[in-house]
Structures are given as C-alpha cells and as structure tokens.
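Taking it in order: structure first as structure tokens, then the write-up.
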Number of protein chains: 2
Amino acid sequence: MLDNKKVTELLRKKGFKVTPQRLAIYNALCNTKAHPNAEMIFNKLQPYYPTMSLATIYKTVDILHEIGLINILNVGEDSFRYDANTSSHAHICCTECGRVDDIMIDFAKCVEEVASQSSYDVHRHQFYFYGTCAECKAKLNSKAKVS
Amino acid sequence: MLDNKKVTELLRKKGFKVTPQRLAIYNALCNTKAHPNAEMIFNKLQPYYPTMSLATIYKTVDILHEIGLINILNVGEDSFRYDANTSSHAHICCTECGRVDDIMIDFAKCVEEVASQSSYDVHRHQFYFYGTCAECKAKLNSKAKVS
DNA sequence: CTGACTGCAAACCATTTGCAGCTGT
DNA sequence: ACAGCTGCAAATGGTTTGCAGTCAG
C-alpha cells in the first residue's frame, strides 16, 4: 500500500518506466477490498482511462507482482485475482456469491511446522477458506422460510 | 481411495452410470501422487484407452468431484490438478520444477480459529505452500559450484 | 429399449503475443 | 533520441459445449 512517490521510486529502481496506467492500476488495487480480477480492474478504470486495454492490465500486474507490490490469488475460478495487501494473511471465498474477503490471522506457527517437517525450502504460502458469507446465509434463511 | 466396487455403488447411488472410462480415470488418480492435470491423466490412459478424449476426462472429474471422490487443486498454474486423496491435507509446490507434493499435517486448529473469528460458515479450505524441492535444491547447488 | 455417456469438432474465454506508433527519461 | 510502453488485433491453450452414435441398466 505505497503512495505514488514510493511506487515511482520502486519502479524506476527496478528498471521500469512510470506511466499513468501503471499508477492507476496499482491505486485501483489499493482502493478496494474486492480482490478484483483483470476484467474488474478494467471496468473500474474504463471511465477514467477509456483507451486502456486488458493487455496493459495483464502486463502491469505481472510487473507489480515481480517487484513485490501485489499478490496473485487463485481461489479456483477461471481467472486470477490481484491483491495490493502483501502482508501475510489468508482469504475466504463465499461459494454462493463469489466474494473474497481477507482473514487477518497470522499462520506463522503452521508455516514453521511445515518448514521444519518438509524437505522443501519453503518460501511462500497461500491459504484459502471456502464457505457461506453472512449476507448469503441471511438470504438462504429467508428463502427457507418462504418455501 | 475406494475400490472399484465401492465406486460403482457410489456412482449408481448418485444417479450416474458406471463406465470403464470413469473407473479408469478414478483409478489413475488413486495410483499416483503427482496430482495430475487433465492432460497428464489423458497421456497416462492413452495406451490403454486410445479413443478416450479430453472432454470425457473433464466431464468425469466434474462428476467425481461432485460426489466427493476427488479434490480439485489450483496451485497457480493455467490448468487444474486433481487429487484422489480427499483427507484433510495441504500441498507444496516446487517453484523450480512444478512438482506438487502432499503435506500430511492437520491444520484443524487453524481452521477452528478461522471458523470462530469469521462471519462466514466455513465449509472447506485449501492450503498451498511454495518453495524449492530437495532435488532442485541439489541441482541449484551443483550449478552454483560449476559457475 | 431409452436416457445417459463417449468422443469428435467447434466454440469459448482468460491470457499472451506481435507489432506499429507513442511516451517517459 | 531511443528503449520501453500502450493498445489494438490476432494467437494461444485449457476447458466447455453440441451433437451423432454408442452403451449401461
């Protein structure tokens, strides 16, 4: 969650140019908790950057991931989602409506246990939980009452 | 990891027909620890079922997943992988060679913690770890010595 | 017998690539 | 200036779909 000045510095330091598109995509990711995919980012930026193409979004998220500014998520859908919150946290997906929320719990102990028991050098991890969100639970209950 | 008799019963009970293709695909998944994707299953069965198509594999894994016989994994590749081991366990992927191994550690406590702190009803979870496997570590070391 | 299944080919769709013109430095 | 970037259009590749013939029950 860096400000534009820091992002500019980092991009330059890593040998990339700083363009309005790149800043806009990173800012769009900072200003949402929806964990959007490429198309959702595209639709959000469309009013402000009407000529921006999906190709630019894909190329940009690759770079942002490469320089460690974003995480790439795959919750089991056909598209990837992107997250500007790079602190260690898990994700939970509603199997009814598809929303993806953060779980701000630190699983350091689990990771340590794996690192000590596995023959791998463990660098990174990704935890996904699946269930029914509060809103969908409410909807399902009211439907059950009607029928 | 059921035997053919039990799989037959289960398929019938759920209203599906039992075909040689379905049994072969399930058995192929039971007899590997590689967590294969559709194409890997296809190549493995090719010698024995030369007319089987990828479409059949995709349709079959859908059904096997629906009746709870297999798990679907997505480690961040462009294809899905399938696992006949449905017991609660995590997976670790080598970022060098792409292999996927099981981690037979039970994360019940982590899951409980999430279930108690989240507003979701938690039904399912998927834990992925990423790192360098023992073989790739060895290769990387010997390369480092040479250069 | 009959509805479900297989396997082929075509369709689909998220993502990637090639390239001409533009822009950051 | 000039290498790297954008945005278009075309290509790619995993997965899905439509459908005619086949097979399990």
Side-chain angles (χ1 to χ4, degrees), chain A residues 4-5 7-26 28 35-67 70 72-82 98 100, chain B residues 4-5 7-26 28 35-67 70 72-82 98 100:
Chain A
N4 281 348
K5 197 182 160 203
V7 176
T8 298
E9 277 172 22
L10 185 58
L11 280 167
R12 292 230 176 91
K13 193 174 73 179
K14 299 280 185 173
F16 297 105
K17 291 191 172 170
V18 180
T19 67
Q21 289 90 337
R22 287 177 180 173
L23 294 177
I25 290 167
Y26 179 68
H35 309 85
N37 59 25
E39 200 181 351
M40 290 158 80
I41 300 172
F42 178 79
N43 290 333
K44 192 177 212 174
L45 295 179
Q46 185 65 19
Y48 311 104
Y49 297 82
T51 66
M52 190 187 296
S53 74
L54 270 169
T56 298
I57 293 176
Y58 284 111
K59 287 167 188 163
T60 299
V61 290
D62 268 0
I63 290 174
L64 293 176
H65 180 242
E66 192 183 327
I67 65 179
I70 65 172
I72 299 180
L73 306 182
N74 194 308
V75 302
E77 298 166 326
D78 40 8
S79 62
F80 289 90
R81 289 170 175 262
Y82 307 96
V100 178
Chain B
N4 281 348
K5 197 184 159 200
V7 176
T8 299
E9 276 172 22
L10 185 59
L11 280 167
R12 292 231 176 92
K13 194 174 76 180
K14 298 281 187 174
F16 296 105
K17 291 191 174 171
V18 180
T19 67
Q21 288 89 339
R22 287 178 179 171
L23 294 176
I25 291 167
Y26 179 67
H35 310 85
N37 59 25
E39 199 180 352
M40 290 158 81
I41 300 173
F42 179 78
N43 290 333
K44 192 177 212 173
L45 295 179
Q46 185 66 19
Y48 311 105
Y49 296 82
T51 66
M52 191 187 295
S53 73
L54 269 170
T56 298
I57 292 176
Y58 284 112
K59 287 167 189 165
T60 299
V61 292
D62 269 0
I63 290 174
L64 294 176
H65 180 241
E66 191 184 328
I67 65 179
I70 64 171
I72 299 180
L73 307 182
N74 194 309
V75 303
E77 299 165 326
D78 39 9
S79 62
F80 288 90
R81 288 170 176 260
Y82 307 95
V100 178

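Every value quoted in this text rests on a predicted model; they were computed, and no experiment measured them.
The nearest pair of heavy atoms linking B:Ala28 to B:Leu45 is CB-CD2, 4.1 Å.
If you run side-chain contact (heavy atoms from CB on, under 4.5 Å) between A:Phe42 and each of A:Thr56, A:Ile25, A:Ile57, A:Asn37, only A:Ile57 comes through. The only option from A:Val75, A:Asn74, A:Leu73, A:Val61 that meets the side-chain contact (heavy atoms from CB on, under 4.5 Å) definition with A:Phe80 turns out to be A:Asn74.
In this structure, the nucleotide among C:dT15, C:dG7, D:dT15 sitting nearest to the side chain of A:Ala38 is C:dT15. Proximity note for A:Phe80 (side chain, C-beta onward) versus D:dG7, D:dT15, C:dT15: the nearest is C:dT15. Listed candidates were D:dG7, C:dT15, C:dA9. Nearest to the side chain of A:Thr51 is D:dG7. Checked against D:dA9, D:dT15, C:dC8, the side chain of B:Leu54 finds its nearest nucleotide in D:dT15.
Residues A:Phe16 and A:Leu10 fail the side-chain proximity criterion, which asks for heavy atoms closer than 4.5 Å. Side chains of A:Tyr26 and A:Ile70 form a contact here, defined as non-hydrogen atoms less than 4.5 Å apart.
Looking at heavy-atom distances under 4.0 Å, A:Thr56 makes contact with a base.
Per the geometry, CG belonging to A:Leu64 stands 12 Å off P belonging to D:dC5, to the nearest Å.
Judged purely by atom type and a 3.5 angstrom limit, B:Arg22 has no side-chain atom pairing as donor or acceptor with the backbone of B:Val7.
Within 3.5 Å, a donor on the side chain of A:Lys59 pairs with an acceptor on the base of D:dG7, or the reverse.
Taken residue by residue, residues 9-23 of chain B places heavy atoms nearer than 4.0 Å to DNA chain C at B:Phe16, B:Lys17, B:Thr19, B:Gln21, B:Arg22.
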